[in-house]
2 protein chains.
Amino acid sequence: MASQPTLKQLRYLCAVAQSLHFGKAAKACFVTQSTLSAGINELEQVLGAALLERSNKQVLLTDTGRKTVARSQHILSDIEALKEDAIRAQTPLSNSVRIGIIPTITPFILPRVLPTLHKDFPNLQLLIREDLSENLASLLLQGELDVLLLALPYPVNNTTSYHLFNDPFVLAYPTGHPLGEVKQLRTRDLKGHDILLLENGHCLRDHALEACKLQSSQLSLAFEATSLHTIVPMVANGVGISLLPEMAINEGILSGTKNVSTKEFTESGVWREIGLLWRAKSPRDSEYRLLGEYFKNNSSSE
Amino acid sequence: MASQPTLKQLRYLCAVAQSLHFGKAAKACFVTQSTLSAGINELEQVLGAALLERSNKQVLLTDTGRKTVARSQHILSDIEALKEDAIRAQTPLSNSVRIGIIPTITPFILPRVLPTLHKDFPNLQLLIREDLSENLASLLLQGELDVLLLALPYPVNNTTSYHLFNDPFVLAYPTGHPLGEVKQLRTRDLKGHDILLLENGHCLRDHALEACKLQSSQLSLAFEATSLHTIVPMVANGVGISLLPEMAINEGILSGTKNVSTKEFTESGVWREIGLLWRAKSPRDSEYRLLGEYFKNNSSSE
DNA sequence: GCGATGCCATTGGAAAAACCGATCAGTTAC
DNA sequence: GTAACTGATCGGTTTTTCCAATGGCATCGC
């Protein structure tokens, strides 16, 4: 014996309330009269209350019946809304996407991408969390974040990565620095110079070292900075040289700064790879690919 | 293939959302894991959306899943409330009762009954409609009223009647009128006198005539009044005699009136019967009997 | 009167579903 | 490697749902 009302029963009840006729109500519910009758009976059993007053002549609602019908209609329309919304929400990139981005990317990609993103996917709510790769990866695996925008490779178990583009490292040096004389800049030219990098934990640091095929020990690490924006004035003041991501320069990190020159490396491969990362099992895989494609097409300066 | 979410499915979903573990959720729902798994799958099918993100390690809610869980919890608690309220409402006389009363009863019974009624059944909401018997009967059959307080007999198809008490007719005459001299008043003494009664449609009129075993033709009908309260001053002014229900006198319809005397009949049966009437099939039959018992015990002047 | 009609309730059997136990496939832990 | 867990899947059984037919009751039309 069931002890909870069924949605079907509530539908039956509402149908009867509308026509005050079992036969018509049954037709409206696409069942036979006997089925509907049994359903109503069971509902009354469960509620321990008479909802309808039957006579051979007519069907009437009891007081409890009237109230129950009103509540049922609310519940049924709630169910309908739940379903409709869930289905509607399946349009790609129409819900919230919780994205984690590392601080060495955020300020140089969002200003370029966000405005058009909102225009192209008006129903997408991008929730952004900025943190170090390690913390973001943890949040991703906990399900607190949906997708990460990182410098790759960054190994995380059971994740899918999506390559966006390569972001070359550019040498930044105080104007007049000896390296300014080098015509064909190569990474080995950096050896022995005072070099400013971000503090430990920032993957930019590791990627820069790796891209330049350098060990920490081969460099004179002048100072460990906490953000790229604090490195620039230090370079300008002659504290040392640094390696800046091209996207930061394109986005104007040097604008208004004097005494800092830049030079690109002639070698290939002196870059960090920028990509997206998400849980491999995520059912929104295709959405994230779509998001990736969008970033790829809209984040470069061309 | 079902196209609507089931309450069971929503319950399964909420259980999984709570423990984030199919096995534990299944146990909480008293089903096997396979059953729960199938239920969740079907729900996702119906909604056309992934609600949960399964991996071998953990279960996570998707964005749509989170929203669906929230809505489901609301719906489930609504269902619970519907059930609870319907059950609670079954306490006798705890809902609204729509009662119809004729104008020759209302003012003489309600002031006496209502105050204690509300005290004894605080959850009873008595909705009162005053009209002629004929109109009330029609409303009763239409289901617009639940119970009638009438003078009986009043034949209505498919109704149950409940005897409350007999309300004797009392002769009211201008002080000094010849009938004042009669020691043992009998109904036949009325013949030939100018008698004031209510206009047609009021059952009081018919019942008075019937109780006195008189035909209209045997009386000199002085005037047809619209309410008992207008009859009293006419008697006082010597327009004629009248028959007043005892309950009206007990309730003080003559208080403050001079020149009107009353005299009871010595015969038995000179009364109208007061009773309740309701649809025979009404599921609240026992409640109405209870109400009747209450009226019986609390409407007399003793 | 008296059969025809219309109403909801009930019944018995057939169709559908829900459910379970066992197994599978994949990952983690040791 | 193996054992331990995870959720998914597969047959088979049990349960539920559903229908068509029937029943009981009152009314309507003649």
Side-chain angles (χ1 to χ4, degrees), chain A residues 1-13 15-17 19-46 50-62 65 141 143 156-160 279-283, chain B residues 1-13 15-17 19-46 50-62 65 141 143 156-160 279-283:
Chain A
M1 178 73 215
S3 69
Q4 287 284 7
T6 303
L7 287 181
K8 203 180 335 179
Q9 292 165 0
L10 301 188
R11 271 188 270 271
Y12 290 170
L13 176 67
V16 174
S19 60
L20 291 180
H21 188 290
F22 276 55
K24 289 175 195 163
K27 212 164 263 177
C29 294
F30 303 104
V31 294
T32 57
Q33 172 262 320
S34 71
T35 299
L36 181 127
S37 193
I40 297 283
N41 277 329
E42 195 175 353
L43 180 60
E44 289 183 317
Q45 200 83 14
V46 168
L51 304 173
L52 298 171
E53 187 180 320
R54 297 92 150 156
S55 75
N56 309 68
K57 209 171 179 176
Q58 62 187 335
V59 174
L60 292 174
L61 281 164
T62 65
L141 291 180
V156 184
N157 279 339
N158 308 316
T159 56
T160 300
R279 291 182 299 276
K281 306 266 176 163
S282 172
Chain B
M1 178 72 214
S3 69
Q4 288 283 7
T6 303
L7 287 180
K8 202 182 336 181
Q9 291 165 359
L10 300 188
R11 270 187 269 272
Y12 289 169
L13 176 65
V16 173
S19 60
L20 292 180
H21 188 290
F22 276 55
K24 290 174 194 164
K27 211 163 264 175
C29 295
F30 303 105
V31 293
T32 57
Q33 172 261 320
S34 70
T35 298
L36 182 128
S37 192
I40 296 284
N41 276 329
E42 195 175 352
L43 181 59
E44 289 183 317
Q45 201 82 14
V46 168
L51 304 172
L52 297 171
E53 187 181 320
R54 296 90 149 158
S55 73
N56 310 71
K57 206 172 180 177
Q58 62 186 338
V59 174
L60 292 173
L61 282 163
T62 65
L141 291 179
V156 184
N157 278 338
N158 309 315
T159 56
T160 300
R279 290 182 301 276
K281 305 265 178 167
S282 172

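Sequence lines set the chain letters: A, B, ... in the order given, protein chains first and strands last, and positions in each chain run from 1.
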Main-chain N/O of [Y] paired with [X] side-chain donor or acceptor, under 3.5 Å:
X	Y	result
A/Thr62	A/Ala50	yes
B/Gln33	B/Gly23	no
B/Thr6	B/Lys8	no

Between [X] and [N], is there a contact of a side-chain N or O with OP1 or OP2 at under 4.0 Å?
X	N	answer
A/Thr32	D/dA20	no
B/Tyr12	C/dC19	yes
A/Arg54	C/dC7	no
A/His21	C/dC8	yes
B/Asn41	D/dG7	no

### Message
The side chain of B/Lys8 is closest to which nucleotide in this list: C/dA18, D/dG7, C/dA9?
### Response
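The answer is C/dA18, which lies nearest to the side chain.
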Looking only at C/dA18, C/dA9, D/dG7, the nucleotide nearest the B/Ser37 side chain is D/dG7
[X] [atom1] to [N] [atom2], straight-line distance once rounded to whole Å:
X	N	atom1	atom2	value
B/Phe22	C/dG26	CZ	C1'	15 Å
A/Gln33	C/dT5	CD	P	18 Å
B/Arg11	C/dA18	CZ	P	14 Å
A/Lys24	C/dC8	NZ	C1'	14 Å
B/Phe30	C/dA18	CZ	C1'	18 Å
A/Ile40	C/dC7	CD1	C1'	15 Å
A/Glu42	D/dT15	CD	C1'	13 Å
A/Leu20	C/dG6	CG	C1'	16 Å

Can you find a pair of side-chain heavy atoms, one from A/Gln9 and one from A/Leu51, that are under 4.5 Å apart?
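A side-chain contact is absent here, since even the closest heavy-atom pair is not under 4.5 Å.
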* To do: Side-chain contact test, heavy atoms from C-beta onward, threshold under 4.5 Å: evaluate it for B/Leu52 versus B/Leu61 and give yes or no.
  =>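 In short, these two side chains touch, coming nearer than 4.5 Å.
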With a 4.0 Å cut-off on heavy atoms, is B/Gly39 in touch with a base, just the backbone sugar-phosphate, or nothing at all?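 Result for B/Gly39 = nothing.
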| task | Pick base, sugar-phosphate or nothing for A/Gln58, based on heavy-atom distances below 4.0 Å to the nucleic acid. | result | nothing
task: Classify the side chain of A/Ser34 versus the base of D/dA20 as yes if they form a donor-acceptor pair under 3.5 Å and no if they do not.
output: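 Yes.
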